[in-house]
Amino acid sequence: DVQLQESGPGLVKPSQSLSLTCTVTGYSITSDYAWNWIRQFPGNKLEWMGYISYSGSTSYNPSLKSRISITRDTSKNQFFLQLNSVTTEDTATYYCARYYGYPRGYFDYWGQGTTLTVSS
Amino acid sequence: DILLTQSPAILSVSPGERVSFSCRASQSIGTSIHWYQQRTNGSPRLLIKYASESISGIPSRFSGSGSGTDFTLSINSVESEDIADYYCQQSNSWPTTFGAGTKLELK
């Protein structure tokens with residue numbers, strides 16, 4: 001079965017960069033699909049942040065385009081989120097998820113989420 | 001970006017009742033709408049894809065309908081395990097976006 005698991009620092013200071021890891025088991029991220037980061041703010045709003053495709057191409061939400069980078073380590077079947085210059089408004093639960101059926105698809109597998117707090 | 005408006009924000013129901021959730025898109029999106037359930041402290045779970053297509057493992061009491069700009073998720077006979085937040089997501093155009101959600105609570 002496909003499983004995704006996020007990991008990260010939990011707490012980041014304002015102006016620093018955050019780095020999160022998504023470890024995928026049960027499916028190779030180089031076989032197919034797009035591998036995404038989605039965040040959920042306090043109050044529950046969901047925001048798609050970006051993806052890295054099975055081929056390595058990336059796409060980002062324009063609202064984040066100058067601050068975000070998604071990369072991968074195919075040997076470990078992991079992909080990563082880096083978000084620069086964080087503020088308290090980046091406090092959220094961060095999910096990684098698989099997107100099935102590009103371009104007009106849906107998120108069929110999600111991680112359990114990792115909570116990130118931005119605070120000094 | 002396409003805006004998805006979900007209503008109502010909160011639905012109060014008794015077990016066994018039928019309930020419907022609304023999701024309205026700011027422009028026509030065909031049937032590129034998908035529904036998710038999120039229980040307390042859980043991750044979103046896919047319930048319905050492409051407006052009305054069922055998902056393996058999801059109880060048959062969940063159904064979806066609609067096209068264009070107006071979409072509905074229905075639960076035929078609510079059970080206590082259905083208490084959760086429900087979100088719609090559009091994939092007609094990027095960036096993909098989500099509605100703000102409807103909270104289902106017990107009366």
Side-chain angles (χ1 to χ4, degrees), chain A residues 1-7 20 22-24 33-53 57-68 70 92-116, chain B residues 1-6 9-10 21 23 25 27-58 62 64 67 71 73 84-105:
Chain A
D1 197 21
V2 180
Q3 295 188 18
L4 297 89
Q5 173 87 48
E6 306 88 347
S7 57
L20 301 178
C22 182
T23 300
V24 181
Y33 310 125
W35 302 88
N36 295 257
W37 287 100
I38 297 163
R39 62 182 177 178
Q40 187 167 36
F41 298 103
N44 292 339
K45 176 185 175 182
L46 287 160
E47 178 183 64
W48 170 75
M49 301 181 72
Y51 70 71
I52 187 164
S53 75
S57 63
T58 55
S59 178
Y60 303 128
N61 193 316
S63 68
L64 297 167
K65 206 158 190 177
S66 61
R67 297 198 293 138
I68 189 174
I70 299 177
T93 297
Y94 288 74
Y95 294 98
C96 54
R98 189 178 83 169
Y99 190 82
Y100 184 101
Y102 184 88
R104 291 195 172 99
Y106 48 87
F107 301 102
D108 61 347
Y109 288 97
W110 297 66
Q112 89 286 352
T114 186
T115 300
L116 184 90
Chain B
D1 298 1
I2 294 176
L3 176 66
L4 297 178
T5 302
Q6 292 190 244
I10 302 174
F21 306 82
C23 178
Q27 63 189 73
S28 181
I29 58 171
T31 58
S32 296
I33 200 80
H34 319 288
W35 291 92
Y36 300 84
Q37 176 194 65
Q38 186 178 30
R39 296 184 175 127
T40 301
N41 296 324
S43 304
R45 176 175 73 146
L46 181 67
L47 291 178
I48 297 287
K49 60 181 180 178
Y50 301 114
S52 63
E53 296 182 17
S54 59
I55 300 297
S56 175
I58 300 300
F62 290 92
S67 66
F71 303 90
L73 171 72
D85 295 330
Y86 291 83
Y87 297 91
C88 54
Q89 173 234 338
Q90 68 80 22
S91 60
N92 184 74
S93 64
W94 290 88
T96 184
T97 50
F98 294 86
T102 293
K103 177 179 290 294
L104 184 65
E105 61 178 30

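Just so we're on the same page: letters track the sequence lines, and every chain starts at 1. Because the structure is a prediction, the values reported are computed rather than measured.
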Ring centres under 6.0 angstrom apart (Tyr87(B), Phe98(B)): no

Test side chain to side chain contact (heavy atoms under 4.5 Å, CB included) applied to Trp35(A) and Thr58(A), Val24(A), Ile70(A), the passing residue: Val24(A)

Summary of salt bridge (charged side-chain N to carboxylate O under 4.0 Å, His left out) pairs that have at least one residue in residues 29-51 of chain B, sequence neighbours excluded: none

Flag side-chain contact, heavy atom, 4.5 Å: Ser93(B) against Ile2(B): yes

Region of Tyr106(A) that comes under 4.5 Å of a non-hydrogen atom in chain B: both

Per-residue contact mode, Gln38(B) against chain A (heavy atom under 4.5 angstrom): side chain

Intermediate values then yes/no, side chain to side chain contact (heavy atoms under 4.5 Å, CB included), Ile38(A) and Leu46(A): CA-CA 7 Å; Ile38(A) 297 163; Leu46(A) 287 160; 4.2 Å; yes

Interface moiety of Tyr102(A) toward chain B, non-hydrogen atoms closer than 4.5 Å: side chain

Proximal component of Tyr60(A), with respect to chain B [non-hydrogen, under 4.5 Å]: neither

Partner set under side-chain contact (heavy atoms from CB on, under 4.5 Å) for Ser28(B), not counting sequence neighbours: Thr69(B)

Pairs involving residues 33-48 of chain A, ordered by first then second residue, that meet salt bridge (charged side-chain N to carboxylate O under 4.0 Å, His left out) (sequence neighbours left out): Arg39(A)-Glu47(A), Arg39(A)-Asp90(A)

Inter-chain contacts: residues 29-37 of chain B against chain A, heavy atoms under 4.5 Å: Ser32(B), His34(B), Tyr36(B)

Residue among Asn92(B), Ile55(B), Thr97(B), Thr96(B) with most heavy-atom pairs under 4.5 Å to chain A: Asn92(B)

Sub-6.0 Å ring centroid separation between Phe107(A) and Tyr100(A): no

Trp48(A) ring center within less than 6.0 Å of Trp94(B) ring center: yes

Interface moiety of Tyr51(A) toward chain B, non-hydrogen atoms closer than 4.5 Å: side chain

Under 4.5 Å from any heavy atom of chain A - which part of Asp85(B): side chain

